[in-house]
Amino acid sequence: MPELPEVEVVKKSLLSKIIKLKVKKVKVKNVNLRYKIDKKSINSLKNKKIISIKRISKYLLINFSNDITLISHLGMTGRFYIEEKKKILKSSFYYNNLTKLRKHDHVVFIFNNRLKIIYNDIRKFGFLMIAKTSKLKNYTSFIKLGPDPLKNKFNFKYFKEKSINKKIKIKDLLMNQSFVSGLGNIYVNEILFKSKINPYFLASNLKDVDIKKIVKYTKNILLKAIKHGGSSIKDFHSFDGAKGHYQEKFYVYGKTGLQCSSKDCKALISKVVISQRATFYCPNCQK
DNA sequence: TTCTTTGTTCCGGA
DNA sequence: GTCCGGAACAAAGA
């Protein structure tokens, strides 16, 4: 389930492989993702060069020449993978052969050096969309996003001001993308565990010291996850098929009934549901 | 067949 | 008008 660290890892992989390449062809096998793919607009990528690749929250932005940007959100199970040329094939065969596609491959981008990038999405909750680079700031999904948790703007002062009147559970606040953008269920569970705060605790009741801990561990955990290539649970693999390894560092996510990892704590990790999301915590450490 | 999974949006009540 | 909780939605696998 791609959250900020996973999207950042995908961004870095894409940067290392396709920056400055030119699109030779786009093949759309299935238009029915979260939002229907507009074939005409996605075909406008043909002969355009990749200028830069960025991440906003959990969105991936691939900027092409001629003011075109491909916006992508991986949803639950979206991923990009790479297929490099293995042997010399007749180009007509190479560019048209779709028989080798795997199940749930939906879109194939073929570049001028014959490299292929394939978008695969089992649940089809992700999407690909074309926008004008110069108009990205007007894109409605971006307008309401809160600060990126890794940026300086996400700090104690911001958190305090925004949470002081929020009579909602701290877990719900961290999950709210207009408060801070990029966190998802997995990392919020982990952040609250490290901060020793109960997920049900009301945001307005947090003490300064609690807020400082949350801000610190948010950045800390995300950076560590990025360093480990993200978390490969369910369907996330990085670009070249390699898995991320941060899931091996989880303290509470998916650890129901296992002993808490804190020193000298014998409590078992609880699983409850908050806002229809699985929530894991240590009832002893997170009071 | 039913349940689980996630981010986002919408609706109703306070 | 604002805030908050809950439900709905997308699709597929176990």
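Every chain is numbered from 1 and lettered A, B, ... according to where its sequence line falls, protein lines coming before strand lines. On a predicted model such as this, the values are computed, not experimentally measured, just so you know.
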J.: Under 4.0 Å between a side-chain N or O of A/Lys167 and OP1 or OP2 of C/dC3?
T.: no
J.: Name the closest nucleotide to the A/Lys166 side chain, picking from B/dT8, C/dC4, C/dA12.
T.: C/dC4
J.: Can you tell me how far P of B/dT6 sits from CE of A/Met175, to the nearest Å?
T.: 8 Å
J.: Students often get this wrong, so: under 4.0 angstrom with heavy atoms, is A/Lys162 touching a base, only sugar-phosphate, or nothing?
T.: nothing
J.: Tell me whether A/Lys212 forms a cation-pi arrangement with A/Phe156, defined as NZ or CZ under 6.0 Å from the six-membered ring centre and within 45 degrees of its axis.
T.: yes
J.: May I ask you to verify if any side-chain N or O of A/Tyr35 is less than 4.0 angstrom from the OP1 or OP2 atom of C/dC9?
T.: no
J.: Side chain of A/Ile168, heavy atoms from C-beta onward: which of B/dT6, C/dG5, C/dG6 has the nearest atom to it?
T.: C/dG5
J.: From CE of A/Met76 over to P of B/dT6, roughly how many Å is that when rounded to an integer?
T.: 6 Å
J.: Using a 6.0 Å cut-off, check whether atom NZ of A/Lys162 has over 12 heavy atoms from anything other than its own residue.
T.: no
J.: Taking the nucleotide of DNA chain B with the nearest heavy atom to each, does A/Ala278 or A/His73 sit closer to the 5' end?
T.: A/Ala278
J.: Whole angstrom is fine here: how far is it from CZ in A/Arg79 over to P in C/dA12?
T.: 16 Å
J.: Would you indicate which nucleotide in C/dA11, C/dA12, C/dG5 comes nearest to any side-chain atom of A/Ile122?
T.: C/dA12
J.: Start with the C-alpha distance between A/Tyr187 and A/Glu6, add both sets of side-chain angles, then the distance that settles side chain to side chain donor-acceptor pair (under 3.5 Å), and finish with yes or no.
T.: CA-CA 11 Å; A/Tyr187 292 102; A/Glu6 290 74 34; 2.6 Å; yes
J.: Whole-Å distance between C/dA10 C1' and A/Ile37 CD1?
T.: 15 Å
J.: Whether A/His104 contacts C/dA11 is assessed here as follows: a side-chain N or O lying under 4.0 Å from the phosphate OP1 or OP2. Is that the case?
T.: no
J.: Please give, in whole Å, the distance from B/dC3 C1' to A/Lys271 NZ?
T.: 11 Å
J.: The side chain of A/Phe125 is closest to which nucleotide in this list: B/dT6, C/dA12, B/dT8?
T.: B/dT6
J.: Look at A/Lys144 and B/dT9 and indicate whether a side-chain polar atom (N or O) is within less than 4.0 Å of OP1 or OP2.
T.: yes
J.: Which label fits A/Phe127 and A/His73: parallel for a plane angle under 30°, tilted from 30 to 60°, or perpendicular past 60°?
T.: parallel
J.: What contact category does A/Asp121 fall into here, base, sugar-phosphate, or nothing, at under 4.0 angstrom with non-hydrogen atoms?
T.: nothing
J.: Rounded to whole Å, please give me the gap between CG in A/Leu202 and C1' in C/dC4.
T.: 11 Å
J.: Rounded to whole Å, please give me the gap between NZ in A/Lys36 and P in C/dC9.
T.: 19 Å
J.: Which of these, A/Ile118, A/Ile18, A/Leu70, sits in a side-chain contact (heavy atoms from CB on, under 4.5 Å) with A/Phe109?
T.: A/Leu70
J.: Keeping A/Lys194 on the side-chain end and A/Ile221 on the backbone end, is there a donor-acceptor pair under 3.5 Å?
T.: no
J.: So A/Gln276, base contact, sugar-phosphate only, or nothing? Heavy-atom distance under 4.0 Å.
T.: base
J.: Atom CG of A/Asp172 to atom C1' of C/dC3: distance rounded to whole Å?
T.: 13 Å
J.: By nearest heavy atom, map A/Lys124 and A/Lys169 onto DNA chain C; which one lands nearer the 5' end?
T.: A/Lys169
